[in-house]
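Below is one structure, written out as structure tokens; the observations come after it.
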Amino acid sequence: MAKATHKWAFKPGMRAGAYSWKSSSKAIERLKSASSEIRAVARVDPVTAAEGVIALAQRIWPAFEHIDTSSGALGNAVCRTLEELLPILIDASADEKTRAKWLEQLRQAIEDDGVDYLAPIADRFGQIAAYPSLMNLHADRDIDMIEAAWSDHARFIHAPTATLTLSCLLEAGLHDELLALLERKKTRLWFDEKFGAEALLRQGCEDEALARAEALLLDQHRQWGHVEIAQFCECILISKGREEEAYRRFGLPSVSGNTYLAMWRNLVKRYPDLDARRILEDLIDTHGSKGKWFAAAKTARFLDIALECAAHYDAAPSTLIRAARDLKLKEPSFAMEVALQAIRHLVEGRGYEPSPLDIDEAVEHLMVAAAHLDEADQARQALQRIAGSALAPGMMADRLARNIAALSPADRDG
């Protein structure tokens, strides 16, 4: 008896032309829903879940074709979704005949894809193939066409199956053929070169792989995939026991994160044997914008570094005020200094969309911390010095003067 076909809930919402120009957010939510559904099925039926991944991949371009992708949000969401689901497809226990059918479906979807949404699938096509015979089949199918396209340096000829072909050559162990094919290209881009570098690495040619990848970093134009290239080089040096060199040459320059704190944490995690304080200091020296590292230094409990950051011109007064608020009782001395720096920045015209109310809040946190240390009079004197150093009258300076005048004797005496 034939196995019943699974009814996927995501399919109706991923029909061709389902989304209009401004439907990016809606499409991203649909992707999240589809991913959750497929992962839930994978827990009980991995092969059916793998077929769900293919069904989703086939529908991405037809459904999203008319959406504005200029913000990059949808493209990033598609990439994250596919990378999340690819292990399900790769690891599924499917026989060669079934996997051959899957590959044909994916190949057609890749050829039809208008904006390379399916690049993550093409990158790992050789792994999806699983069987050597299938790797060789798909490696050979378009290799002559790709060689001809890449040999024509007078014109640009797009070869939509180039990436999947390189992936199959790599996984099939056809390293010399892969490298020979890449030699046909006029331009060197990490999209393709990563397969050549990996081929060299798998042959034990670490130095050659490192040189090939690093050459892209030395290009006068910042390469796409700059971080990925640096991390590839970094991993090679670490594997050779050259951790300090890896850290200096590639780790520090390529560190990534949505915040400065995330960048520090990323590097500390990658280099657990290095001193966390030294990593923070190196990051500040390498990437600059010292004031913006305040939150990272504070969270890491390097409060002396945090105070140096707070004094820097590009520290955000709003961030400093929040820190003073949170630490005015736990770390009153630190909170006092931070609040004073926030006030100084505001009086000197810094901060994003500052308000006179920011001065009020900073003074309030300052005086609470000062009272805790019995230093209210010293705090008031510090405020007077800031007010006296103002270069010109202004809204913030006037607000500070009003706060100073409003401080009671009790405030001054603690």
Side-chain angles (χ1 to χ4, degrees), residues 4-42 45-90 92 94 98-129 134 138 141-142 145-146 149 156-168 191:
T5 302
H6 183 83
K7 187 173 182 179
W8 292 101
F10 70 79
K11 283 186 176 181
M14 292 292 293
R15 65 190 183 280
Y19 299 92
S20 61
W21 183 254
K22 297 182 178 180
S23 298
S24 180
S25 296
K26 184 178 178 182
I28 291 171
E29 288 304 313
R30 184 69 67 182
L31 282 172
K32 291 178 181 177
S33 176
S35 178
S36 296
E37 182 184 4
I38 292 169
R39 286 183 285 113
V41 171
D45 190 345
V47 173
T48 295
E51 291 172 344
V53 177
I54 295 167
L56 177 62
Q58 289 176 303
R59 285 162 172 77
I60 285 174
W61 167 247
F64 296 168
E65 181 178 1
H66 303 297
I67 300 176
D68 174 21
T69 60
S70 59
S71 72
L74 180 58
N76 289 335
V78 171
C79 184
R80 285 194 303 270
T81 299
L82 292 177
E83 288 178 347
E84 180 180 64
L85 295 176
L86 270 170
I88 295 173
L89 183 56
I90 293 170
T98 300
R99 203 164 278 274
K101 181 185 74 173
W102 290 354
L103 292 174
E104 293 300 330
Q105 292 171 322
L106 291 172
R107 174 183 275 269
Q108 187 62 54
I110 290 169
E111 290 181 4
D112 294 340
D113 185 1
V115 293
D116 281 344
Y117 278 131
L118 304 186
I121 290 177
D123 278 345
R124 302 181 69 180
F125 204 86
Q127 292 174 267
I128 298 168
L134 295 178
H138 286 274
R141 185 180 299 187
D142 290 342
M145 178 271 290
I146 297 166
F156 171 77
I157 303 174
H158 178 56
T161 56
T163 300
L164 73 84
T165 299
L166 292 172
S167 178
C168 288
F191 292 107

Find out whether L89 and L85 are in side-chain contact, i.e. whether some heavy atom of one side chain is under 4.5 Å from a heavy atom of the other. no
From F10 CZ over to R30 CZ, what is the distance, rounded to the nearest 0.5 angstrom? 10.5 Å
Quick one: pull up CD1 in I110 and CG in L118 and give me the separation to the nearest 0.5 Å. 6.0 Å
For a quick test of reading the model, state the closest non-hydrogen atom pair linking A49 to V41 and the distance between them. N-CG1, 3.9 Å
Is any side-chain heavy atom of T161 closer than 4.5 Å to one of T163? no
Are E29 and S33 packed together at the side-chain level, in the sense that at least one heavy-atom pair is separated by less than 4.5 angstrom? no
Residues 58-70 side chain polar contacts: donor-acceptor under 3.5 Å, at least two apart:
residue	atom	partner	partner atom	Å
R59	NH1	A55	O	3.0
W61	NE1	D112	O	3.3
D68	OD1	S70	N	3.0
D68	OD1	S70	OG	2.9
D68	OD2	S70	OG	3.2

Hey, mind stepping through F125 and L134 against side-chain contact (heavy atoms from CB on, under 4.5 Å) and telling me if it holds? CA-CA 10 Å; F125 204 86; L134 295 178; over 6 Å; no
Heavy-atom pair of closest approach, residues P46 and A92: O-CB, 4.0 Å
One should read off an interatomic distance between I128 CD1 and S167 OG, to the nearest 0.5 angstrom, of 7.5 Å
Test item: Y117 and L74 side chains (from C-beta on) under 4.5 Å apart, heavy atoms: yes
Give a yes or no answer on whether the side chain of N76 reaches the backbone of G72 with a donor-acceptor pair at less than 3.5 Å. yes
Minimum heavy-atom distance I88-A50, with the two atoms named: CG2-N, 3.8 Å
Nearest heavy-atom pair of G13 and A18: which atoms, and what distance? O-CB, 4.2 Å
d(L164 CG, D142 CG) to nearest 0.5 Å is 7.0 Å
Looking only at heavy atoms, the pair that brings S20 and S23 closest together is OG-OG, 3.0 Å
From NZ (K11) to CD (E37), nearest 0.5 Å: 10.0 Å
Roughly how far, to the nearest 0.5 Å, is the CG atom of L86 from the CZ atom of R124? 5.5 Å
Side-chain (T81) to main-chain (A77) donor-acceptor, under 3.5 angstrom: yes
Using a 4.5 Å cut-off on heavy atoms from C-beta on, say whether the side chain of E104 contacts that of H138. yes
Under a 3.5 Å distance rule, please check whether T98 uses its side chain to pair with a backbone N or O of A94 as donor and acceptor. no
Which heavy atom of I146 sits nearest to which heavy atom of A159, and what is that distance? CG1-CB, 4.1 Å
